[in-house]
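Written out below as structure tokens is the structure these notes cover.
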Amino acid sequence: MSAVGAAPGTAGGMLTEIDHVAIAVNDLEAAIAYYAETFGATVVHRERVESDGVEEALVAVADSYVQLLTPTRDDSPVARFLASRGEGLHHVGYRVADCAAALQSVKDHGGRVIDQAPRPGSRGTTVAFVHPKAAFGTLIELVQE
Ligand code: CO
């Protein structure tokens, strides 16, 4: 661990945990089978989010998840991602205590946001997405449980 900086548990500031790492896949069942057969990692939650045009499967990894994502329609953002970039890392979800406050901090620091205000996510969470162009090329999701 670092010899300088904040104490463990507070060093992430507003970011309290990695909530999930999201991977866009063409075949959700094949991806679920891969994690189960290769690593013995099991799905703890599945959900279709019609407003986002995705179906997700959450594979538990300690207190975090791998979120396997596949599109449910051809015009969804994840479908466009797969068409242009292929399968792979789609976004990182950071757990925060206060999604609105974290989103405001992004705006205050000149960041570009996708969601102007927090909105409902899967699992009953409250979420907001930060634009990858202003976040070093990685789409960020702020997740409040
Ligand atoms: Co996510």
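Whatever order the structure lists ligands and atoms in, that order sets their numbers, starting from 1.
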Hey, is the Co ion (ligand 1) within less than 2.8 Å of some N/O/S atom on [X]?
| X | result |
| --- | --- |
| E56 | no |
| H20 | yes |
| S122 | no |

Will you find, in the side chains of H91 and Q67, an N or O donor that is under 3.5 Å from an N or O acceptor? yes
Within 6.0 Å of CZ in R85, more than 12 heavy atoms from elsewhere: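 Not buried by this count: 12 neighbours or fewer within 6.0 Å.
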In degrees, rounded to 10 degrees, what angle do E141 atom OE1 and H91 atom NE2 make at the Co ion (ligand 1)? 90°
Would you check, one step at a time, whether the test side chain to side chain donor-acceptor pair (under 3.5 Å) holds for Q144 with T125? CA-CA 6 Å; Q144 178 182 344; T125 58; over 6 Å; no
Decide side chain to side chain contact (heavy atoms under 4.5 Å, CB included) for R46 and L58; before the verdict, give the C-alpha distance in whole Å, the side-chain angles of both, and the deciding distance to 0.1 Å. CA-CA 6 Å; R46 280 186 78 146; L58 292 177; over 6 Å; no
